[in-house]
Structure formats: structure tokens, C-alpha cells
K.L.:
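Let me give you the structure first, and then I'll get to my questions.
Protein chains get the first letters and strands the later ones, always in sequence-line order, with residue 1 at the start of each.
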Amino acid sequence: MAAPSYEESYLYRLRHSAAHLMAQALTELYPGIKLAIGPPIENGFYYDVEAPTPIREEDLTKIESKMKELAKLDQRIIRLVASNREEARSKILEETTLGQGPEVAEYKLQLLEAVPEGEEVSFYDQQRTDRAGTLHRFIDLCRGPHVDTTKEIKHFKLMSIAGAYWRGDSKNKQLTRIYGTAFESAEELETHLHNLEEAKRRDHRILGRELGLFMFSPRVGPGLPLWLPKGATLRDTMVSFLKEEQLKRGYEPVITPQIASIRLYEKSGHVITYKDKMFPFMEDDEKETYILKPMNCPFHIEIYQAQMRSYRDLPIRYAEFGTVHRYEQSGEVTGILRARGFTQDDAHLFVRPDQLLSEFIGVVDLMKAVLNRLGLKDYRARVGTKDPASSKYIGHDDNWTAATAAIEEACKTIGLDYELSPGDAAFYGPKLDLIIKDALGRDWQMGTVQVDYNLPERFELEYTGEDSKPHRPIMIHRAPFGSLERMIGLLTEQYAGAFPYWLSPVQVAILPISDRHVEAAVALKEKLRDVHGIRVSLDDRRETLGKKIRESQLQKVPFMLVLGDRDIEQGTVGVRSREDGDLGAMSLEAFLEKVAPLR
RNA sequence: GCCGAUGUAGCUCAGUGGUAGAGCGGCUGUUUUGUAAACAGCGGGUCGCGGGUUCGAGUCCUGUCAUCGGCUCCA
């Protein structure tokens with residue numbers, strides 16, 4: 001028998017009940033509080049409420065104690081079903097409000113309206129009879145299911161408070177969301193909290209500083225990273241890899257400016273649709289307005305358009321590591337995972353309709369190659385398709401159908417597992433996104449391939465067909481990394497800073513044991529660097545070997561070469577690997593042979 | 001942008017209204033070292049920034065900026 005899914009599991013019910021228990025505690029502690037919605041989530045649960053007085057983090061202990069108190073009362077959790085909508089409505093207004101007045105039911109009534117006609121409306125009642133024989137109840141509109149009694153809810157912890165918009169819409173009122181987690185045993189709860197602590201140590205912002213990859217400065221500005229030598233080296237390595245790969249696949253490099261006249265972005269439509277995400281505009285003496293570029297596509301289009309194109313010229317693939325700036329809202333900036341200035345490994349493919357599939361296959365193949373090379377296994381591929389209910393999309397249905405089919409076909413051909421996600425298409429076309437989780441389990445969109453019918457239309461792009469008549473090309477936007485910043489941030493977390501040999505900013509650290517070995521160490525360094533192209537550092541400080549090893553180890557250098565009297569006499573190096581420790585003395589040739597396959 | 005939290009030395013953190021501290025790092029000296037931290041000494045601070053309360057503010061109030069966790073949005 002297959003293991004039950006999370007949604008079907010006891011743990012899921014337990015967390016759901018914990019959310020209700022919290023709601024009950026909140027109702028007692030904050031009379032007049034309006035309950036909204038409180039589901040289980042991946043690692044716990046939350047409840048959204050509108051509180052009469054602000055709830056602060058220091059209040060969590062108090063709420064937790066109240067929950068424990070209520071849990072111990074062994075309240076039976078009983079499912080009630082309303083026989084019709086009117087009954088459900090009056091139940092909400094009368095019973096769930098516990099005499100606090102109908103206004104506390106504001107959100108519950110809206111939830112009831114959202115329940116499809118004909119669907120069963122259920123409530124869950126936490127009830128007990130006290131010593132005096134009085135019946136106490138706490139009734140909440142809920143689909144369920146729940147555990148049988150509050151006594152089962154023992155191992156939980158309230159985690160944090162956040163604002164959350166009612167129904168996830170920023171136009172709606174912001175409610176207070178309280179996050180908590182619950183487990184079946186104290187050990188599991190402990191392990192979870194411990195894992196959270198561990199995850200913090202893999203945080204790319206911490207490792208980025210410790211490993212000297214990048215930094216931020218208040219004098220430069222939020223979300224604007226400064227790449228340090230080691231980070232820049234790592235980044236250059238990734239760029240070289242992809243450039244080489246793209247060259248093999250028929251891409252042509254282009255380079256475009258950081259700013260452009262506003263007229264370019266008026267033509268592309270971005271001034272209307274994207275204005276609030278752009279840095280403030282600039283004006284020169286002639287009153288021409290310039291924009292710091294938020295995306296590269298319009299520039300590449302200009303290049304395409306600069307001359308007549310024949311059907312024989314297509315596909316054209318323009319690639320650029322294009323640095324863009326987007327004015328992300330202040331609360332959204334997160335290290336280099338979400339920066340205000342970042343570099344996309346961008347390319348735009350101008351293709352004929354009959355080339356769409358083969359080009360898509362080529363792009364998906366490249367993405368797969370990139371994932372393999374980077375050693376990323378823990379990713380999801382998502383095909384974003386039209387939301388049939390929405391009218392925001394442009395372009396003919398036939399095109400959409402063809403493009404979506406091409407994306408799916410390409411994934412199947414290359415063997416990339418994907419999931420369909422209706423509503424996740426761009427307004428101008430369907431797309432394929434790669435999604436990777438960070439150390440804290442948050443999803444990040446990385447690589448992307450997007451079909452675009454919009455820009456060719458807006459810029460009136462053409463090529464001359466076999467029939468001597470003008471035809472409109474299709475554009476494909478694609479970025480296998482997504483952005484260098486985000487990809488490096490994620491890689492840092494995935495590898496906990498211990499990058500694979502080929503990516504490591506320092507691949508080999510030479511550690512002379514004492515002053516008299518430095519001369520040989522310098523010679524070794526030059527040989528490895530100049531003859532073998534290895535990124536090598538030399539620690540010639542007057543420190544003990546133990547200390548040098550410790551520091552190289554903490555810097556996650558893949559290999560250390562110890563050089564002492566014995567080595568110089570015998571012509572060997574003492575090899576230590578980051579993962580396996582001391583490997584003993586060996587000839588330089590033997591070491592080179594060892595690392596050769598890791599390049 | 002919104003809700004909640006945090007901001008003290010390069011880093012990690014202590015300091016509950018009365019003379020700003022520790023460990024690590026740094027510098028200097030000694031040590032010349034064989035697989036994860038030698039020893040000693042010395043520096044180092046506009047307590048994020050502005051305003052206020054107070055005889056007195058790192059500590060209380062207020063504004064602001066940055067960062068962190070969420071929401072919304074996104075590569």
C-alpha cells in the first residue's frame with residue numbers, strides 16, 4: 001500500500017487542529033478578534049486573523065500557554081454538517097461568534113460564499129463539559145478533517161507573526177498571520193527546530209561573507225551586490241562554461257548599453273506595464289528621457305531589426321550576459337537571490353513558426369546540460385500555461401496551443417520531467433520555468449524559457465519568406481541560469497559553500513610547513529597556475545600547519561597540498577582533500593591525474 | 001510597499017537608567033611548526049542615524065534607514 005500523501009496524513013490533521021486550537025486561544029485572549037482562515041502548510045500551520053489590538057511576537061508565549069491549557073481540557077472535536085446554506089449562514093452568525101456579535105464572522109461569511117453551490121458545508125466543534133455540567137463550545141467553519149480531541153495536540157510551537165492580505169490580494173485588507181508548527185512527538189519537533197538552525201548556516205548571505213564571495217554596502221545601496229575576487233572568479237567560471245556551451249549551439253554574442261531612451265521602452269510597452277519596477281527615469285540636457293534597463297530584449301530586437309532578414313537567416317540567436325536593474329520593493333530584496341541589480345544569462349531567439357519545436361528542443365537540451373554540469377538534481381520544471389478563465393493574454397489561441405505543445409514535446413524529447421501549471425504563463429506566451437528551493441525551503445524561479453508573440457507584434461518584426469512575402473518571426477526568451485546572482489546564491493546553499501572542484505574559486509591551497517619551504521611553494525604555485533591552469537592559493541604565513549589546514553578547510557578549498565622537508569626531498573606533495581582528509585604523500589603527477597577528471 | 005522582529009568592535013554575542021565588555025579575527029613580539037585553532041602583549045566603538053524624556057540614555061519615547069521572517073510581486 002502506498003504511503004498516504006501529506007494531505008491524507010495524521011500529521012496534516014494534527015496541524016489543522018493545532019490551527020483551530022490557536023484560533024480558540026486567540027478568541028479567548030482577544031475578544032472581538034475576527035478569524036479568517038487557518039490551514040496546515042508544509043511545515044506547520046497558520047491562522048489569519050484581524051485582531052482588535054496588534055499582536056506582537058512577545059505575545060506568542062502567552063498564546064502558546066493558552067493553547068496548552070485548552071488542549072489539556074480534552075475537548076472533543078466534532079464534525080457538524082449544515083443541511084443547507086441558510087443553516088450554515090445562521091450557524092456562522094450565531095454559533096461561531098460565541099456571542100461576540102455578528103461582525104466577528106465577517107471573513108467566515110465570505111468563505112461560505114466561496115463554497116460552491118451544492119457542496120457540503122461542515123463545521124468543527126471543540127467542546128467539553130466542565131465540572132458544573134456546563135457545555136463549552138468553539139465552533140469554526142472548516143472543511144476538515146481533524147483529530148478526535150485537543151488532547152492529541154501536544155508538541156507544537158508558535159513561530160512568527162506576519163501580515164498577509166485577505167485572499168492573497170494586496171488590494172484587500174492586511175490580516176495578521178500567526179505561523180506555528182506541530183509534530184506527533186517532541187523529538188520530531190526538536191529535530192525540526194534543529195534543522196531550521198542548521199539551514200541558517202547554509203544561508204548564502206552568511207556563506208557569501210564567510211567565503212568572500214560578495215558583499216553589500218550601505219553607501220552603494222540595498223540590493224546592489226559588490227562581487228569580491230572569489231565570488232567574481234566563481235561567476236566568471238560559470239560565464240565561461242555557458243559561453244562555450246552557447247557557442248557550440250549556434251548562439252551569437254551581442255552587447256548592449258545599460259541605459260536607453262524611454263522611446264525604446266515605450267515601443268516595447270514596458271513603460272506602461274513595468275513602470276513601477278523601474279528605477280526613476282533620467283533626463284539629459286536636451287530633455288531626452290533615459291531608462292536604466294530592466295530587461296535586455298528590446299535592445300536585441302533593435303539589432304534584429306537593423307537589417308532585412310530572410311527566412312534563410314533564421315533562427316537567429318542573440319546571447320548576452322545582460323545586467324539589468326529593477327526597483328524591487330524594499331521588503332522583497334533578499335541577498336543575491338533577489339537583488340535590484342543582476343545579470344541574466346539572456347538570449348533571444350528569432351525563429352520561424354516551423355522552427356519553434358526544434359529550437360525549443362535545443363533550449364531544453366541546453367538547460368538540461370546546465371543542470372547536469374552544476375550538479376543540480378533537486379529542481380522542478382514547470383510549464384506555465386494559460387489560465388482559461390482569464391482574458392489577460394494576447395495572441396491567437398492557435399499560437400498558444402502550438403507553443404504549449406512545442407514546450408511539452410521538447411521536454412519529452414529531452415527527458416525533462418515537468419508539471420503543468422495553468423495560469424503561470426506570461427501574458428505574451430507560455431513558458432517553462434525551473435524552480436529550486438533555498439536552504440529555508442523557499443521556492444525560487446531560476447532558468448526560464450518563454451515564447452513571446454507580443455514583442456514581434458509591437459515592433460512589427462519581419463523576415464522575408466520563401467514566398468517573397470513578409471512574415472512575422474516568433475521570439476523565444478531564455479535564460480538557463482535565470483540570473484547569475486540567484487543561481488550562485490542557490491548553488492552556495494545547495495553545496496553549503498563546498499562547490500565542486502571546477503567551480504571552486506580556489507581549487508588548491510598550497511600550505512608550506514615553515515619558512516624554508518616557501519620558495520618551493522611559490523614555484524609549485526606558479527607551475528600549477530601557469531602550466532596547468534589551476535586556481536591556486538598559497539598560505540605563506542608563519543602559522544602552524546594545523547591552523548592553515550583549519551582555515552583552508554573552513555574556506556572549503558577542495559584540495560590542500562602540504563609542502564615540508566620530506567616532500568621537497570622526495571619530490572612529493574602531501575595531499576589533503578576537503579571531503580576525505582589526509583590522502584598521504586604523492587607525486588605531483590599523481591595529484592594532477594587525480595584532479596584532471598574534476599575539471 | 002504592508003505586518004512582525006532586529007540593529008553594541010571586522011565576525012558571533014553579553015550588557016534591564018549611573019565610567020561600553022567577552023571570544024574569535026587584526027597588529028607587534030616570541031615560536032619554524034607534518035594534517036581542523038602555538039604563546040604573550042597591544043590596539044580597536046558617533047552603541048545604525050536624527051529628535052525627545054531625564055541630573056544622567058546603549059538601555060525609555062519618537063521619527064528614519066538598513067537587515068531578517070512573512071504577504072504581495074519576481075530572475
Side-chain angles (χ1 to χ4, degrees), chain A residues 41 46 48 51 54-60 159-179 196 200 203 205-206 209-210 215-219 221-223 274 276-277 294-295 322 324 326-340 342-346 426 433-436 440 442-448 450 477 479-487 489-490 511-518 541-554 560-567 574-578 581-585:
Chain A
I41 50 172
Y46 68 78
D48 283 351
I55 300 177
R56 294 176 199 293
E57 221 145 272
E58 59 191 12
D59 301 327
L60 292 182
M159 305 297 288
S160 61
I161 296 178
Y165 300 107
W166 168 236
R167 290 194 157 144
D169 189 334
S170 58
K171 288 194 278 290
N172 289 341
K173 191 165 205 163
Q174 192 167 48
L175 308 175
T176 303
R177 174 172 296 178
I178 305 180
Y179 282 96
L196 283 179
K200 277 187 204 156
D203 191 311
R205 290 164 294 198
I206 293 169
R209 186 184 57 234
E210 288 177 355
M215 60 172 277
F216 291 91
S217 161
R219 276 185 292 275
Y274 217 74
D276 56 346
K277 301 216 67 176
M295 41 195 55
V324 296
R326 298 180 185 175
Y327 197 76
E328 303 291 349
Q329 293 190 73
S330 57
E332 297 171 334
V333 174
T334 303
I336 55 171
L337 290 181
R338 183 91 180 256
R340 279 183 170 166
F342 59 95
T343 301
Q344 297 176 306
D345 54 333
D346 212 355
D433 294 320
L434 292 177
I435 293 152
I436 304 183
L440 290 176
R442 299 175 290 205
D443 277 343
W444 293 93
Q445 185 188 314
M446 312 299 294
T448 182
Q450 311 182 353
H477 310 248
F481 294 151
S483 77
L484 287 161
E485 283 74 8
R486 188 170 281 183
M487 184 54 92
L490 257 300
L511 311 179
I513 289 177
S514 82
D515 287 356
R516 64 177 178 276
H517 311 117
V518 168
R541 295 173 307 164
R542 291 174 57 172
E543 293 288 354
T544 59
L545 180 62
K547 180 151 186 170
K548 293 180 182 184
I549 286 176
R550 177 178 159 81
E551 288 183 7
S552 289
Q553 200 71 43
L554 291 174
M560 286 151 256
L561 298 183
V562 175
L563 214 54
D565 289 335
R566 286 208 304 267
D567 301 292
V575 179
R576 183 188 164 96
S577 111
R578 177 178 66 191
D582 192 359
L583 301 180

K.L.:
Taking atom P in both rG63(B) and rG4(B), compute the distance separating them and give it to the nearest angstrom.
P.N.:
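Going atom to atom, P in each nucleotide, I get 12 Å.
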
K.L.:
Can a side chain N or O of R516(A) be found less than 4.0 Å away from OP1 or OP2 on rU33(B)?
P.N.:
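It does, given that an N or O in the side chain of R516(A) lies less than 4.0 Å from OP1 or OP2 of rU33(B).
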
K.L.:
Would you say Q344(A) reaches rA75(B)'s phosphate, i.e. side-chain N/O to OP1/OP2 under 4.0 Å?
P.N.:
no

K.L.:
rU19(B) and rG58(B): how far apart are their P atoms, nearest whole angstrom?
P.N.:
10 Å

K.L.:
How many Å lie between CH2 on W444(A) and P on rC73(B), as a whole number?
P.N.:
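Between P of rC73(B) and CH2 of W444(A): 14 Å.
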
K.L.:
In whole angstrom, give the distance that lies between atom CD of E332(A) and atom C1' of rA66(B).
P.N.:
16 Å

K.L.:
Distance check needed: rG29(B) P versus R541(A) CZ, whole Å only.
P.N.:
16 Å

K.L.:
Measure CG/D433(A) against P/rC74(B) and give the value in whole Å, please.
P.N.:
11 Å

K.L.:
Thinking salt bridges, do D169(A) and R167(A) make one under a 4.0 Å N-O criterion?
P.N.:
no

K.L.:
Under 3.5 Å, side chain of K548(A) to main-chain N/O of I513(A), donor-acceptor pair present?
P.N.:
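The answer is no, because no donor-acceptor pair under 3.5 Å joins these two groups.
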
K.L.:
In this structure, how many angstroms lie between the P atom of rC74(B) and the NZ atom of K277(A), rounded?
P.N.:
6 Å

K.L.:
What distance, rounded to whole Å, do you find between the two C1' atoms, one in rA9(B) and one in rG45(B)?
P.N.:
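Each nucleotide's C1' atom is 6 Å from the other's.
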
K.L.:
So, does R340(A) use its side chain to make a donor-acceptor pair with the main chain of E328(A) at under 3.5 Å?
P.N.:
yes

K.L.:
What interatomic distance, in whole Å, is found between P of rG43(B) and the corresponding atom of rG21(B)?
P.N.:
13 Å

K.L.:
Between CD1 of I178(A) and CE of M159(A), what distance do you get to the nearest 0.5 Å?
P.N.:
13.5 Å

K.L.:
Are the side chain of D345(A) and the backbone N or O of F481(A) linked by a donor-acceptor pair below 3.5 Å?
P.N.:
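Flag set: sc D345(A) to bb F481(A) pair under 3.5 Å.
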
K.L.:
Using Watson-Crick or G-U wobble geometry with both distances below 3.5 Å, tell me the partner of rC68(B), or none.
P.N.:
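Result: rG4(B).
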
K.L.:
Is the shortest side-chain N/O distance from T448(A) to OP1 or OP2 of rA75(B) below 4.0 Å?
P.N.:
no

K.L.:
Starting at CG of D203(A), measure out to CG of L440(A) and round the result to the nearest 0.5 Å.
P.N.:
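The CG atom of D203(A) sits 6.0 Å away from the CG atom of L440(A).
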
K.L.:
Nearest 0.5 angstrom please: R338(A) CZ to W444(A) CH2, how far?
P.N.:
6.5 Å

K.L.:
Pairing check on rU33(B): which nucleotide meets the Watson-Crick or G-U wobble criteria with it, both distances under 3.5 Å?
P.N.:
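Pairing partner, where one exists within any strand: none, as none qualifies.
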
K.L.:
To the nearest Å, how far apart are R550(A) CZ and rG25(B) C1'?
P.N.:
12 Å

K.L.:
Taking the P atom in each of rG44(B) and rC61(B), what is the distance between them to the nearest angstrom?
P.N.:
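These two P atoms come out 33 Å apart once rounded.
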
K.L.:
Could you identify the nucleotide paired to rU28(B), looking across every strand shown and requiring Watson-Crick or G-U wobble geometry with both distances under 3.5 Å?
P.N.:
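Checking every strand shown, rU28(B) finds its partner in rA40(B), with both distances under 3.5 Å.
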
K.L.:
Is any side-chain N or O of R486(A) under 3.5 Å from a base N or O of rC74(B), one able to act as donor and the other as acceptor?
P.N.:
yes

K.L.:
Pull out every protein N or O sitting under 3.5 Å from an N or O of nucleotides 3-6 of chain B, one pair per line with the distance.
P.N.:
| from | atom 1 | to | atom 2 | distance (Å) |
| --- | --- | --- | --- | --- |
| rC3(B) | O4' | Q174(A) | OE1 | 3.0 |
| rC3(B) | O2 | G163(A) | N | 2.9 |
| rG4(B) | O2' | E57(A) | OE1 | 2.9 |

K.L.:
Between rG1(B) and Y165(A), counting only base atoms on the nucleotide and side-chain atoms on the residue, is there a donor-acceptor pair under 3.5 Å?
P.N.:
yes

K.L.:
Counting the atoms with a prime plus P, OP1 and OP2 as sugar-phosphate, which does V333(A) contact under 4.0 Å by heavy atoms, base, sugar-phosphate, or nothing?
P.N.:
sugar-phosphate

K.L.:
Mind checking E328(A) for me? I need base, sugar-phosphate or nothing, with any heavy atom below 4.0 Å counting as a touch.
P.N.:
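Counting heavy atoms under 4.0 Å across all strands, the contact made by E328(A) includes a base.
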
K.L.:
Let me spell it out: for each of Y179(A) and R578(A), pick the nucleotide of RNA chain B with the closest heavy atom. Which residue's pick is nearer the 5' end?
P.N.:
R578(A)

K.L.:
Categorize S514(A) for me: base, sugar-phosphate, or nothing, with a 4.0 angstrom heavy-atom threshold over every strand shown.
P.N.:
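Base, at least one base atom sits under 4.0 Å.
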
K.L.:
Tell me whether R541(A) is salt-bridged to E551(A), with the criterion being a basic N under 4.0 Å from an acidic carboxylate O.
P.N.:
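A salt bridge is present here (some side-chain N lies under 4.0 Å from a carboxylate O).
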
K.L.:
Within the structure shown, what part of the strands sits under 4.0 Å from G168(A) by heavy-atom distance: base, sugar-phosphate, or nothing?
P.N.:
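Since only primed, P, OP1 and OP2 atoms lie under 4.0 Å of G168(A), the category is sugar-phosphate.
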
K.L.:
What is the separation between atom CD on Q329(A) and atom P on rG70(B), rounded to the nearest whole Å?
P.N.:
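After rounding, the gap between these two atoms is 16 Å.
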
K.L.:
Please check the phosphate of rC68(B) (OP1 and OP2 only) for any side-chain N or O of R205(A) closer than 4.0 Å.
P.N.:
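Yes.
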
K.L.:
For R442(A), which contact category applies under a 4.0 Å heavy-atom criterion: base, sugar-phosphate, or nothing?
P.N.:
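Since only primed, P, OP1 and OP2 atoms lie under 4.0 Å of R442(A), the category is sugar-phosphate.
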
K.L.:
Mind checking what makes side chain to side chain contact (heavy atoms under 4.5 Å, CB included) contact with R578(A), not counting sequence neighbours?
P.N.:
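A498(A), S504(A), Q553(A), K556(A), P558(A).
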
K.L.:
Let me spell it out: for each of R177(A) and D565(A), pick the nucleotide of RNA chain B with the closest heavy atom. Which residue's pick is nearer the 5' end?
P.N.:
D565(A)

K.L.:
Do the side chain of E57(A) and the main chain of S160(A) share a donor and acceptor less than 3.5 angstrom apart?
P.N.:
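Looks like no, no N/O pair under 3.5 Å.
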
K.L.:
Does L337(A) offer a backbone N or O that forms a donor-acceptor pair with the side chain of R486(A) under 3.5 Å?
P.N.:
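Present.
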
K.L.:
Considering only nitrogen or oxygen atoms on both sides, find all protein atoms under 3.5 Å from nucleotides 38-43 of chain B and state each distance.
P.N.:
| from | atom 1 | to | atom 2 | distance (Å) |
| --- | --- | --- | --- | --- |
| rA38(B) | OP2 | T544(A) | OG1 | 2.4 |

K.L.:
Kindly state whether the pair F342(A) / rA75(B) counts as stacked, where counting means centroids closer than 5.5 Å and planes tilted less than 30° apart.
P.N.:
yes

K.L.:
Could you give the distance from CZ (R177(A)) to CD1 (I161(A)), rounded to the nearest 0.5 Å?
P.N.:
13.0 Å

K.L.:
Whether R209(A) contacts rU12(B) is assessed here as follows: a side-chain N or O lying under 4.0 Å from the phosphate OP1 or OP2. Is that the case?
P.N.:
yes

K.L.:
Test for a donor-acceptor pair under 3.5 Å between the base of rC71(B) and the side chain of R167(A), counting only N and O atoms.
P.N.:
no

K.L.:
What's P222(A) touching, base or sugar-phosphate or nothing? Going by heavy atoms closer than 4.0 Å.
P.N.:
sugar-phosphate

K.L.:
Using the P atom as the reference point in each nucleotide, state the distance between rU72(B) and rG17(B) in Å, no decimals.
P.N.:
41 Å

K.L.:
What's the closest nucleotide to the R338(A) side chain, out of rG34(B), rC74(B), rG69(B)?
P.N.:
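Nucleotide nearest to R338(A)'s side chain: rC74(B).
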
K.L.:
Report which part of the nucleic acid D346(A) touches: base, sugar-phosphate, or nothing (heavy-atom distance under 4.0 Å, all strands).
P.N.:
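The answer is nothing, as D346(A) stays clear of every strand by at least 4.0 Å.
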
K.L.:
Rounded to whole Å, please give me the gap between CG in L554(A) and P in rC11(B).
P.N.:
18 Å

K.L.:
Can you tell me how far C1' in rA14(B) sits from the matching atom in rU8(B), rounded to whole Å?
P.N.:
10 Å

K.L.:
Could you give the distance separating rA37(B) and rU33(B) at their C1' atoms, to the nearest angstrom?
P.N.:
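It works out to 14 Å between them.
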
